[in-house]
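Note sheet for the following structure.
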Amino acid sequence: MTPAGLAIAEEIRDRGPILFSRFMEIALYHPQHGYYRRARRDRGADPFGIHGDFYTATQLQPVFGRLIASLCEQWKSRLGARDGFRVVEWGAGRGEMAEHLQAFHYSAVDVDGGDVPPAFEGVVFCNELFDALPVDAARVRDGEARMMRVDYDSQRFAWIEGEALTGPWQAYAVNLRARIAELREEPEVWLELPIHVAPLLARMTQPLQRGFVLAIDYGYTEREIVRFPRGTLMAYRRHQALEDVLANPGEQDITAHVPFTYLEQAAQSLGLIVSPLRTLTQVLMSAGEPDQFASALQAPDEASALRLRMQLKSLLFGMGETFRCLVLEKPE
Ligand SMILES: C[S@@+](CC[C@H](N)C(=O)[O-])C[C@H]1O[C@@H](n2cnc3c(N)ncnc32)[C@H](O)[C@@H]1O
């Protein structure tokens with residue numbers, strides 16, 4: 001059993017079967033043994049890049065950083081550049097964007113904290129933050145939605161059915177009833193309940209006085225939920241996608257696709273203006289368009305130039321259609 005697994009098993013022994021959000025919280029963010037916390041102490045446990053478990057666009061540097069910087073520059077001039085323009089990145093991971101965004105008084109926030117200015121104009125940026133937030137899991141059978149809890153049988157973790165959904169999460173499932181009905185051939189439908197998405201978006205945008213939010217992630221709109229009858233929970237280890245999210249807690253990443261329609265509604269209720277969802281390709285094309293990608297691809301020699309062209313290709317054609325960009329505007 002992994003150290004994070006032992007911590008989870010102990011909690012289940014003390015309190016009974018736990019909600020999946022609690023399982024995910026310990027597995028990913030336990031202060032000593034959580035997947036993302038271990039990486040900060042032990043370089044061998046770094047989840048990112050070729051020796052880790054997965055790549056994100058953030059590892060494709062310098063091209064990704066330069067294109068995001070160019071977008072921030074466009075937004076800065078749209079806002080009528082004032083001195084206080086800042087970029088604050090949430091879920092900054094290894095901090096690879098710092099070098100490219102430092103011209104915007106960049107600051108990085110992650111689970112251990114960070115420097116969030118009390119009030120600023122500028123951009124709130126995040127890449128693959130929302131997919132890493134703990135979610136609850138529910139299962140719909142014969143029209144009834146129930147929480148799924150995690151139990152421990154002295155050897156392994158297993159799902160067990162819990163209580164009926166109540167309150168806002170019952171309303172969330174009821175809202176999706178028409179979509180779920182389209183899946184009538186399925187014996188059961190799994191849903192994730194994105195319990196941290198709206199509170200985190202509120203925290204991220206509260207100090208923003210005027211400006212933009214750019215959230216890049218993979219996910220689905222409400223209509224697209226029918227593509228995922230078994231839900232979207234997934235684990236990643238050594239560049240392999242694994243379905244058993246309860247295995248090896250603390251030693252594999254666990255993610256849930258981002259429910260973009262829900263995120264858009266949360267943004268609207270915070271008074272943010274929501275732009276139509278675009279693909280990462282579309283957004284990076286608009287970032288590189290003004291100079292036809294010349295500055296993003298600038299390199300000192302032919303070998304580096306080739307490397308940068310490969311990065312751009314991966315961003316536009318590899319990740320670009322899978323990832324979506326939600327752009328929100330906070331008016332004055
Ligand atoms: C999948 S990683 C992405 C890291 C980086 N943005 C990238 O693209 O490589 C998700 C990151 O979000 C961080 N994170 C999770 N919950 C957070 C929260 N509530 N506030 C700030 N960061 C958080 C994790 O610690 C982790 O570093």
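The analysis underlying the following values was restricted to heavy atoms, covering all of them including side chains, and did not include hydrogens, waters or symmetry mates. Ligands are counted one by one from 1 in listed order, and the atoms in each one are counted from 1 as well.
- Using a 4.0 Å cut-off between heavy atoms, Gln59 contacts ligand 1 through its side chain alone, with no backbone atom that close.
- On a distance-only criterion, Asn127 and ligand 1 share at least one N/O pair closer than 3.5 Å.
- Aromatic ring orientation, Phe64 versus Phe125: tilted (interplanar angle from 30° to 60°).
- Not counting sequence neighbours, the partners of Gln61 by the side-chain hydrogen bond (donor to acceptor under 3.5 Å, both in side chains) test are His100.
- Only side-chain heavy atoms of Leu133 come within less than 4.0 Å of ligand 1; its backbone N, CA, C and O stay farther off.
- For the residue pair Asn248/Thr2, the side-chain donor-acceptor check at 3.5 Å is not satisfied.
- Contact atoms of ligand 1 toward Ala132: 10 (C) (distance under 4.0 Å to a heavy atom of the residue).
- Panel note: side chain Asp110, backbone Asp112; no donor-acceptor pair is recorded below 3.5 Å.
- Tested against Arg139 for a salt bridge (charged side-chain N to carboxylate O under 4.0 Å, His left out), the candidates Glu188, Glu186, Glu163 yield a single pass: Glu188.
- Considering backbone and side-chain N/O atoms, Asp253 never comes within less than 3.5 Å of an N/O atom of ligand 1.
- Counting atoms of ligand 1 from 1 in the listed order, those under 4.0 Å from a heavy atom of Thr58 are 7 (C), 8 (O), 9 (O).
- No side-chain donor-acceptor contact under 3.5 Å links Glu73 and Trp75.
- Of all the heavy atoms of Val111, the ones lying under 4.0 Å from any atom of ligand 1 are found in both the backbone and the side chain.
- For Gly91, a nitrogen or oxygen atom sits less than 3.5 Å from a nitrogen or oxygen atom of ligand 1, counting backbone and side chain alike.
- Counting atoms of ligand 1 from 1 in the listed order, those under 4.0 Å from a heavy atom of Thr56 are 7 (C), 8 (O), 9 (O).
- From Glu192, atom CD reaches atom OG of Ser21 across 12.0 Å, with rounding to the nearest 0.5 Å.
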